[in-house]
K.L.:
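Take a look at this one; I'll ask things after.
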Amino acid sequence: MRLPDHGLPTHAAPTHGAPTHGALPHGALTLSDVRVTFGPGGAPVLAVDAPRLSVAQGDLLGISGPSGSGKTTLLHALAGLLLPAHGTITWGDATLTAMGENARDRWRRQHVGFVFQDFHLVPELSALDNVLLTRWFGHWSAGRSATERALGLLADVGVPPGRRAGVLSRGEQQRVAIARALLAKPHLILADEPTASLDAETGAVVADLLVRSARETGATLILVSHDPAMLARMALVRRMDKGVLPA
Amino acid sequence: MNPFPMVRADLRAMRWSAVVVVVLVALAVAIGIAVAAQERGLRQGSAKAADDFDLLIGAPGSQTQLVLTSVYLQPEALPLIDGAVLNRLAADPRVAGVAPIAFGDIVRGYPVVGTTLPFVSRWGRLAASEGRLFAAEAEAVIGADVKLTLGEDITPAHATAGETREAGEEGAEEHDHKHEGVVYHVVGRLPRLGTPWDRAIMIPVESVWETHGLGNGHATDEAPLGPPFDAKRVPGVPAVVVKPMRVADAYQLRSQYRKDGTMALFPAEVLVSLYRTMGDLRDVVVIAAGLNNLLVFAAVLLLIATLVTLRRQRYAVLRALGAPRAYVLLVTWLGAAGLLAVGCVFGLALGWVASVLVAAAVERQTGLHVATGLGWGELRFAAGLVLAGSVFSLVPALAAWRLPVSAGLRG
Ligand SMILES: Nc1ncnc2c1ncn2[C@@H]1O[C@H](COP(=O)(O)OP(=O)(O)O)[C@@H](O)[C@H]1O
Ligand SMILES: [Mg+2]
């Protein structure tokens with residue numbers, strides 16, 4: 001693995017859905033009275049209960065907590081992948097919980113880079129094509145600068161770009177998922193246990209890449225992890241338990 | 001937007017189901033096309049063969065028999081009608097053309113047909129493609145598919161019921177029933193008609209009468225060929241073909257010659273009722289068409305089922321990554337349409353080959369030329385299948401939108 005000593009290419013064009021205004025929008029993230037429930041209407045199970053949370057643009061927030069405590073569900077809500085049963089989530093001027101399905105999809109496309117706990121790569125595509133996939137949502141060709149950036153990111157995480165995602169190890173898949181999330185220089189990076197499948201050394205490199213990417217672009221990083229070394233790099237750490245994110 | 005990397009990925013994920021879908025669709029389309037093309041070709045071909053036979057007059061009996069024997073030259077003995085009918089019709093102002101059709105002899109399995117020049121030239125429409133038309137009693141004109149050479153001398157034989165008519169060969173039966181001393185000289189060949197008459201040897205009707213010891217139908221031996229037949233007793237003929245002046249004349253002539261020892265019919269009309277009663281053939285068509293629909297249905301269902309199971313999580317992943325709805329739908333539609341289109345192309349090719357093979361077999365057996373071009377109907381059928389099937393495949397993709405992305409991601 002090559003340590004990213006060169007920094008990220010800065011000439012990369014803004015990718016899928018460039019920010020609507022030239023300057024970085026100031027996306028302070030706030031939650032109030034958010035409750036996510038699952039199950040039948042009569043007897044819903046409370047999966048997330050977050051009375052209050054506020055994250056300034058550019059902040060690094062770590063979230064820890066035992067399995068099943070609602071961390072993934074919370075990140076999904078923050079990304080607009082699900083709508084809480086109750087409460088409001090805002091990002092800058094936008095109220096996520098008031099948006100329609102399509103608007104949330106568009107908002108996510110423009111601002112969010114998500115590292116899924118289960119990676120969710122397309123197994124039939126190469127590592128490089130997986131990283132470039134989001135480019136094809138809006139362009140015929142991925143473009144040279146994006147391809148160079150993708151190759152740079154894959155080199156940073158140490159995964160051969162031509163290998164089919166389906167044959168990669170879990171650790172390699174996780175790293176491809178991280179490279180994919182970072183490609184478009186998102187304003188909000190949500191990473192769900194991004195080092196869970198990695199050894200300590202690789203984990204450190206990946207943690208470094210995530211933190212450095214966030215710092216370089218001024219992005220907000222919200223990261224779920226059990227890894228003390230990882231959490232130590234966050235400005236702020238909150239612990240969830242049984243769905244509750246204490247205020 | 002570039003859906004193709006994802007379309008490729010989807011097809012790779014489907015693997016064998018994709019192959020099965022293509023094969024099923026190809027088979028279904030091929031069967032549909034072969035059946036439709038054959039049925040249509042056979043109808044057109046057999047109708048075309050009856051083109052120059054507006055009105056047929058024969059002795060009372062089976063209408064189908066009269067049509068099969070004179071239009072399709074199926075060997076069958078027919079009762080005769082009085083030859084004087086020929087003169088009466090020739091003098092009738094409602095008649096544009098009249099010709100006898102007399103058969104019963106063969107040469108090397110080819111039927112020998114006695115008639116008159118107007119009908120050999122199909123009422124003046126045809127000229128000889130080689131040589132010339134007959135001008136004397138001992139001369140013969142051959143159809144396009146008769147394997148004899150111009151200038152050849154041939155001796156007819158009496159066709160017997162048990163004779164296997166392998167065209168081009170002289171069977172033992174034929175050898176035993178030769179009309180010794182009778183020789184026809186082949187003087188010309190007709191262009192291809194695409195009908196059983198391409199395998200006929202045409203001679204003046206006078207020669208048929210002479211060969212069977214009935215005189216030549218004229219008062220003197222030196223009379224020119226053709227009507228009027230001025231013998232005291234004109235020999236009988238099995239069939240007379242009439243070209244009426246106008247449609248109204250045709251109906252009048254038909255009703256007039258329906259009585260007093262003759263039967264008159266429009267071959268086209270007999271063919272229609274023949275198609276209607278060809279139950280066996282129709283059943284085959286119906287079963288094949290039903291099987292065909294079943295195959296298409298199975299293919300499309302399999303496609304949909306595969307799509308639903310394969311795509312649910314994938315739709316969610318694409319959406320979670322920010323793919324617009326149009327992208328996901330385009331990927332889905334292209335994948336399904338691509339599979340169906342490939343199946344249809346193979347099916348069209350396969351169906352075309354099958355109909356060519358069947359047409360060749362039909363032509364070899366009956367001399368009937370069956371046109372095999374792919375019709376608009378077949379292309380429309382294939383295009384409709386691709387369109388309907390691929391649009392149908394969008395249903396699971398659209399249904400996926402009702403689910404929160406989060407739930408889709410959890411599978
Ligand atoms: N779609 C769902 N339907 C029902 N229950 C769910 C669903 N998603 C998550 N849950 C439940 O919500 C709780 C929190 O899950 P999760 O957010 O995945 O926890 P964590 O990521 O902290 O391990 C769990 O009890 C889980 O079973
Ligand atoms: Mg989780």
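Below, chain A is the first sequence line, B the second, and so on; all start at residue 1. Any value given below was found using the heavy atoms of this structure, including those in side chains, with hydrogens, waters and symmetry copies removed.
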K.L.:
Using 0.5 Å steps for rounding, measure from the CZ atom of B:Arg325 to the CG atom of A:Asn102.
P.N.:
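Reported to 0.5 Å precision, the distance equals 5.0 Å.
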
K.L.:
Which atoms of A:Asp105 are under 4.5 Å from chain B, going by heavy atoms: the side chain, the backbone, both sets, or neither?
P.N.:
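Its backbone and side chain both get close to chain B.
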
K.L.:
Considering all heavy atoms of both residues, which atom of A:Arg108 and which atom of B:Arg319 are nearest to each other, and what is their separation?
P.N.:
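Closest pair (atom of A:Arg108, atom of B:Arg319, distance): NH2-O, 3.0 Å.
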
K.L.:
If I take atom CG from residue B:Asn2 and atom CG from residue A:Leu132, how far apart are they, to the nearest 0.5 angstrom?
P.N.:
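So the gap between those two atoms works out to 11.0 Å.
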
K.L.:
Given a strict heavy-atom distance threshold of 4.5 Å, which part of A:Arg106 is in contact with chain B: side chain, backbone, both, or neither?
P.N.:
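A:Arg106 has no heavy atom closer than 4.5 Å to chain B.
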
K.L.:
Hey, is CZ on A:Arg163 packed in by over 12 heavy atoms from elsewhere, all under 6.0 Å?
P.N.:
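No.
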
K.L.:
When rounded to the nearest 0.5 angstrom, what is the spacing between CZ in A:Phe116 and CG in B:Leu321?
P.N.:
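Reported value, rounded in 0.5 Å steps: 5.0 Å.
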
K.L.:
Supply the atom-to-atom distance A:Leu133 CG to B:Met6 CE, rounded to the nearest 0.5 angstrom.
P.N.:
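Rounded to the nearest 0.5 Å, the CG-CE separation comes out at 6.0 Å.
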
K.L.:
How long is the span from the CZ atom in A:Phe137 to the CE atom in B:Met1, to the nearest 0.5 Å?
P.N.:
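Reported value, rounded in 0.5 Å steps: 9.5 Å.
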
K.L.:
When rounded to the nearest 0.5 angstrom, what is the spacing between CG in A:Leu82 and CZ in B:Arg410?
P.N.:
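Taking CG in A:Leu82 and CZ in B:Arg410, the distance rounds to 8.0 Å.
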
K.L.:
Under a 4.5 Å heavy-atom cut-off, does chain A meet the side chain of B:Leu318, its backbone, both or neither?
P.N.:
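The answer is both parts of B:Leu318.
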
K.L.:
Between A:Val122, A:Asp118, A:Leu121, A:Leu83, which has the largest tally of heavy atom pairs under 4.5 Å with chain B?
P.N.:
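Going by pairs under 4.5 Å, I would pick A:Val122.
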
K.L.:
Salt-bridge test for A:Glu124 and B:Arg15: reply yes if a basic N is under 4.0 Å from a carboxylate O, no otherwise.
P.N.:
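No, A:Glu124 and B:Arg15 are not salt-bridged.
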
K.L.:
So, do A:Arg104 and B:Val405 sit near enough that their side-chain heavy atoms are less than 4.5 Å apart?
P.N.:
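No; the side chains remain at least 4.5 Å from each other.
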
K.L.:
So, for B:Pro324 and A:Arg109, which heavy atoms are closest and what is the spacing to 0.1 Å?
P.N.:
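Closest approach of B:Pro324 to A:Arg109, heavy atoms only: N-NH1, 3.4 Å.
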
K.L.:
Heavy-atom distances under 4.5 Å only: say whether A:His76 touches chain B with side chain, backbone, both or neither.
P.N.:
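A:His76 touches chain B through side-chain heavy atoms alone.
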
